[in-house]
*Asks:* 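Would you mind keeping the following structure in view while I ask a few things?
Chain letters run A, B, ... following the sequence lines, proteins first and then strands; every chain starts at 1.
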Amino acid sequence: MDLAYTPRQQAFRQEVREWLAAHVPAERLVTLERKDGFDQHVAWERELASGNWGMVTWPSEYGGRGLDLIEWLIFEEEYWAAGAPLRANQNGIFLLGPTIMEFGSDEQKARFLPPMAKGEVIWAQAWSEPGAGSDMAAIKTTARRDGDHYVINGQKTWSSRASFADWGFGLFRTEEGSQRHKGLSFLLFDLNAPGITRRPIRQLHGDPGFAELFFDEVRVPVENRIAGEGEGWKVAMATAGFERGLMLRSPGRFQATAARLMALLRETADRASPGLREEVVRLWMGAQAYAYNTYQVAARIMAGGSIGAEASLNKIFWSELDRAMHRAAMHLLGPAAELQTLPDGSANEWLEGYIFSLSGPIYAGSNEIQRNITAERLLGLPRVGAG
Amino acid sequence: MDFRLPPESVELAEAVREYLAGTHGPDVLRRLDAGGNRDLRIWQGLVEMGLTGLLVPESEGGLGMTLLGGALIARECGRACLAEPLVDTALVAVPWLIARGETDDLAVIAAGEKLVALPHAVNPWVADGEGEELASVDPLRNLVAAPEDAGDDPLLLDLGALMSAAQLVGLAEAMLDQAVAYAQVREQFGHAIGGFQAIKHKLADVAVALEFVRPVLWRAAQAMDDGLTSAPLHVSHAKYAATDAAYLAAESAIQVHGAMGYTYEVDLHFWMKRAWALAGAWGDRNFHYHRIEDAALGGAHPLGPQHTFA
């Protein structure tokens with residue numbers, strides 16, 4: 001075990017820090033859940049790409065820098081410490097990108113990855129359906145084969161980024177009459193294709209972040225299928241692993257929140273109860289623990305290991321940590337917590353963050369599902385009921 | 001930067017786990033509880049494994065391992081609910097003596113012929129010491145009243161706290177295993193109770209707590225090995241988090257066992273009682289909390305993602 005950064009890693013941190021200091025927008029962007037804010041965030045993605053920072057771990061031929069996971073963690077740490085914007089590109093670079101890297105053909109990699117890294121194509125995910133939420137194997141939307149195309153009919157919902165994104169990916173039933181995990185395929189589709197209707201859904205905060213998608217005889221070329229026909233479940237599970245595991249929520253984000261929370265506690269120390277004070281210190285410890293754990297997992301993956309069902313432990317931990325940190329901030333703010341703009345004139349980012357944090361334990365597989373996975377696959381407790 | 005446990009330490013820990021699982025099961029704990037509390041044959045087995053010399057330099061007949069390697073073994077001692085005073089002598093006293101340059105007794109300690117029970121002002125007792133006896137909730141813990149002139153050496157405190165945290169992690173892991181094993185076989189309403197989500201989710205929460213305390217423990221041990229000035233903060237984090245994980249594991253395990261859990265018949269009580277005892281040893285939760293708050297909130301320790309390994 002060696003817990004010191006190498007001179008090369010330190011130099012890399014410095015390079016990231018300097019670039020971000022020169023490029024992160026001084027003015028906070030409008031929320032990416034609104035069209036004007038989304039456009040600002042896409043412009044930021046392209047700015048990142050201009051510095052070759054779109055996705056640093058990818059090979060250079062796909063628009064990356066070929067860096068390892070430790071360097072990615074350093075990049076993320078600096079990114080969130082610098083107060084840089086949320087990533088409009090996140091569904092692409094953290095979920096679909098690794099999926100294509102693992103299961104895609106060379107043609108698919110060359111076609112989809114570079115525009116993803118450059119922020120030229122923004123991706124939305126399309127998993128859930130009205131009758132298939134936590135129980136994703138209940139998917140009903142069909143993709144009927146017609147020559148060299150699939151023809152999609154049905155409905156997806158809670159589709160993140162889909163109000164404004166360019167392309168989508170999801171699971172569709174390609175075998176007529178198939179049941180549950182069988183007969184599903186993983187397809188990529190143009191959100192502007194004829195027959196797709198997007199209906200933005202107003203979220204808790206009032207803005208239309210996600211959308212319902214209606215498919216009416218939507219034609220998708222067969223070459224847009226990732227992996228074999230009927231292998232969609234396997235591919236989707238790998239994607240879900242990326243989502244719950246290392247990639248989606250790097251520790252830098254939560255450590256930055258924890259540091260801001262500690263600063264807020266110092267400012268409000270004269271009114272914070274002893275219990276709230278200890279809670280804040282505990283949450284900072286939690287963010288540290290999450291970072292140590294991630295470095296341990298990263299070291300294991302770099303040595304040829306993998307992340308399996310432990311990804312569920314991660315997802316439970318970071319989502320509940322994030323919610324608890326923002327809840328503590330709401331209590332520290334007290335009567336100002338409800339204000340959209342704080343008395344000092346700044347936007348109430350804690351309120352916005354608290355509202356967003358409530359989605360964490362729900363998306364990417366609800367934490368109840370994650371606890372089932374933990375109990376059944378890691379602890380070996382029996383499965384009852386769900387098939 | 002490589003946050004992987006050293007393979008040779010992991011291998012040794014696995015060998016110790018296997019050895020203790022085979023020779024130091026609940027039946028042994030019951031026998032010790034019925035009379036004697038200590039058993040020279042158990043001690044001799046530990047000596048033959050080389051465990052008394054774990055941290056003793058090779059030149060003095062030991063294995064010369066790091067504190068990280070020692071913490072891995074302390075965790076196994078917790079998992080087995082080992083009663084013999086191996087951790088206090090071999091993993092707390094030895095590195096403290098080495099740091100002070102007091103090396104005269106090391107070879108004798110490595111040979112298993114000398115126990116060292118060190119008092120510290122933070123503890124109102126000395127474990128396995130000489131003097132006026134005190135009764136612990138843990139029937140296998142032998143305490144005497146601390147001398148009034150006990151010192152308050154900070155390194156000794158950190159060593160004791162680190163190795164207590166490691167044992168607490170092992171104790172918690174063992175309690176989770178016991179609860180899972182019980183939930184797999186105990187049937188109600190026609191099913192093993194482990195199939196019910198109320199049980200699954202309770203035990204999943206223990207698994208989550210443990211997953212995120214282990215790396216804190218390893219990080220604290222490595223900080224001590226590296227001689228970081230921040231090591232006391234990391235040790236306190238490990239002790240505080242391990243204490244909470246052990247209490248959570250104990251309360252969850254007894255709940256899953258139902259009324260059986262509230263009996264002296266079920267093995268669980270040995271592990272719970274050791275956890276309660278060690279939670280207060282070498283600085284209790286309050287003590288360690290204040291050290292963390294002073295460092296992290298007081299401004300002495302830099303915060304933020306760029307300082308993860310400060």
*Asks:* Within a strict 4.5 Å, meaning less than it, do heavy atoms of the B/K239 and B/R291 side chains meet?
*Replies:*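 No. Closest side-chain heavy atoms not under 4.5 Å.
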*Asks:* Heavy-atom distances under 4.5 Å only: say whether A/E368 touches chain B with side chain, backbone, both or neither.
*Replies:*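 Both backbone and side chain.
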*Asks:* Mind ranking A/E376, A/Q288, A/R371 by heavy-atom pairs under 4.5 Å with chain B and telling me who comes out on top?
*Replies:*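 Going by pairs under 4.5 Å, I would pick A/R371.
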*Asks:* Write out, in numerical order, the residues from residues 210-223 of chain B with a heavy atom short of 4.5 Å from a heavy atom in chain A.
*Replies:*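 Heavy-atom contacts from residues 210-223 of chain B to chain A are B/E211, B/F212, B/P215, B/V216, B/W218, B/R219, B/Q222.
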*Asks:* Just so I understand: if I count every heavy-atom pair under 4.5 Å between each of A/A299, A/A298, A/G380, A/A263 and chain B, which residue has the most?
*Replies:*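 Option with the top pair count is A/A299.
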*Asks:* Are B/E58 and B/L63 close enough that some pair of their side-chain heavy atoms sits under 4.5 Å apart?
*Replies:*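 No. Closest side-chain heavy atoms not under 4.5 Å.
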*Asks:* Counting only heavy atoms not in A/R8, do more than 12 fall under 6.0 Å of its CZ?
*Replies:*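 Open: at most 12 neighbouring heavy atoms sit under 6.0 Å from CZ of A/R8.
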*Asks:* So for A/W80, is it side chain, backbone, both, or neither that comes closer than 4.5 Å to the heavy atoms of chain B?
*Replies:*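 Contact with chain B is absent: no heavy atom of A/W80 under 4.5 Å.
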*Asks:* How are the rings of B/H191 and B/F196 set relative to one another: parallel (under 30°), tilted (30 to 60°) or perpendicular (over 60°)?
*Replies:*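 Ring orientation of B/H191 relative to B/F196: perpendicular.
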*Asks:* With no hydrogens and no angle check, just 3.5 Å: does a side-chain donor-acceptor pair link A/E78 and B/Q306?
*Replies:*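 Not at all, the side chains of A/E78 and B/Q306 share no donor-acceptor pair under 3.5 Å.
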*Asks:* Heavy atoms, side chains only, cut-off 4.5 Å: are A/P85 and A/Y79 in contact?
*Replies:*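 Result yes, sub-4.5 Å side-chain heavy-atom pair found.
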*Asks:* Can you tell me which of A/M285, A/M262, A/E77 forms the most heavy-atom pairs within a distance under 4.5 Å of chain B?
*Replies:*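 Counting heavy-atom pairs under 4.5 Å, the top option is A/M285.
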*Asks:* Out of B/D284, B/L168, B/L248, which residue meets the side-chain contact (heavy atoms from CB on, under 4.5 Å) rule with B/T243?
*Replies:*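 Answer after filtering B/D284, B/L168, B/L248: B/L168.
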*Asks:* With A/S319, which residues qualify under side chain to side chain donor-acceptor pair (under 3.5 Å), at least two apart?
*Replies:*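 Here the qualifying residues are A/N367.
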*Asks:* Does any heavy atom of chain B fall under 4.5 Å from the side chain of A/R277, the backbone, both, or neither of them?
*Replies:*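 For A/R277, the contact with chain B is made by backbone and side chain together.
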*Asks:* Of the backbone (N, CA, C, O) and the side chain (C-beta and beyond), which part of A/I316 lies under 4.5 Å from a heavy atom of chain B, both, or neither?
*Replies:*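 For A/I316, the contact with chain B is made by the side chain alone.
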*Asks:* What part of B/L176 gets closer than 4.5 Å to chain A, counting heavy atoms only: side chain, backbone, both or neither?
*Replies:*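 The side chain, not the backbone.
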*Asks:* Pick from B/G299, B/G304, B/A296: which one has the most heavy-atom pairs with chain A under 4.5 Å?
*Replies:*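 Winner by heavy-atom pair count: B/A296.
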*Asks:* Taking atom types as modelled, find out whether B/Y289 and B/E293 have a side-chain donor-acceptor pair closer than 3.5 angstrom.
*Replies:*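 Yes - a donor-acceptor pair under 3.5 Å links their side chains.
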*Asks:* Regarding B/R75 and B/E173, does a basic nitrogen lie under 4.0 Å from an acidic carboxylate oxygen?
*Replies:*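 Result for this pair is yes, salt bridge flagged.
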*Asks:* Please state whether the side chain, the backbone, both or neither of B/H234 comes within less than 4.5 Å of a heavy atom of chain A.
*Replies:*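 Interface part for B/H234: side chain.
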*Asks:* Below 30° counts as parallel, above 60° as perpendicular, anything between as tilted: where do the rings of A/F94 and A/W72 land?
*Replies:*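 If you compare the ring of A/F94 with that of A/W72, the planes turn out perpendicular.
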*Asks:* Of the listed residues (A/A375, A/P382, A/A259), which shares the most heavy-atom pairs with chain B below a 4.5 Å separation?
*Replies:*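 Answer, by heavy-atom pair count under 4.5 Å with chain B: A/P382.
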*Asks:* Heavy-atom distance under 4.5 Å to chain B: side chain of A/L378, backbone, both or neither?
*Replies:*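 A/L378 has no heavy atom closer than 4.5 Å to chain B.
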*Asks:* Side chain, backbone, both or neither: which part of B/D177 has a non-hydrogen atom closer than 4.5 Å to chain A?
*Replies:*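 For B/D177, no heavy atom lies under 4.5 Å from chain A.
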*Asks:* Measuring heavy-atom distances to chain A, does B/L68 have an atom under 4.5 Å in its side chain, in its backbone, in both, or in neither?
*Replies:*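 Only the side chain of B/L68 comes within 4.5 Å of chain A.
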*Asks:* Let me know if A/A4 has heavy atoms under 4.5 Å from chain B in its side chain, its backbone, both or neither.
*Replies:*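 For A/A4, the backbone is the part near chain B, not the side chain.
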*Asks:* Is there a donor in the side chain of A/Q14 and an acceptor in the side chain of A/E18, or the other way round, less than 3.5 Å apart?
*Replies:*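 Indeed, the side chains of A/Q14 and A/E18 share at least one donor-acceptor pair under 3.5 Å.
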*Asks:* Go through A/V297, A/V281, A/T6, A/T374 and name the one with the most non-hydrogen pairs under 4.5 angstrom from chain B.
*Replies:*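 Ranked by heavy-atom pairs under 4.5 Å with chain B, first place is A/V281.
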*Asks:* Measure distances from A/Q9 to the heavy atoms of chain B and classify the residue's part below 4.5 Å as side chain, backbone, both or neither.
*Replies:*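 Interface part for A/Q9: side chain.
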*Asks:* Sort B/H237 into side chain, backbone, both or neither according to what part of it lies under 4.5 angstrom from a heavy atom of chain A.
*Replies:*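 Both backbone and side chain.
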*Asks:* Measuring centre to centre across the rings, with the benzene-like ring taken for any Trp, is B/Y182 within less than 6.0 Å of B/H257?
*Replies:*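 B/Y182 vs B/H257: aromatic centres under 6.0 Å.
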*Asks:* Is it the side chain or the backbone of A/L73 that comes within 4.5 Å of chain B heavy atoms, both, or neither?
*Replies:*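 Nothing of A/L73, per the 4.5 Å heavy-atom cut-off to chain B.
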*Asks:* For B/E18, does the CD atom have more than 12 heavy-atom neighbours from other residues, nucleotides or ligands under 6.0 Å away?
*Replies:*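 Not more than 12 within 6.0 Å, no.
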*Asks:* Could you walk me through whether A/F254 and A/L283 satisfy the side-chain contact (heavy atoms from CB on, under 4.5 Å) test, starting with their C-alpha distance in whole Å, then the side-chain angles of each, then the deciding distance to 0.1 Å, before giving a yes or no?
*Replies:* CA-CA 10 Å; A/F254 304 114; A/L283 292 166; over 6 Å; no
*Asks:* Contact part of A/R282 toward chain B, heavy-atom cut-off under 4.5 Å: side chain, backbone, both or neither?
*Replies:*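 The side chain, not the backbone.
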*Asks:* For A/D322, is there an ion pair with A/R253 - N to carboxylate O distance below 4.0 angstrom?
*Replies:*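 Not counted as a salt bridge, because no side-chain N and carboxylate O are separated by less than 4.0 Å.
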*Asks:* Rounded to the nearest 0.5 Å, what separation is found between the OG atom of A/S134 and the CD1 atom of A/I369?
*Replies:*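 Reported value, rounded in 0.5 Å steps: 4.0 Å.
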*Asks:* Please determine, among A/R260, A/E278, A/Q255, the option with the most heavy-atom pairs under 4.5 Å with chain B.
*Replies:*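 Counting heavy-atom pairs under 4.5 Å, the top option is A/E278.
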*Asks:* Side chain, backbone, both or neither: which part of A/E76 has a heavy atom under 4.5 Å from chain B?
*Replies:*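 No part of it gets close to chain B.
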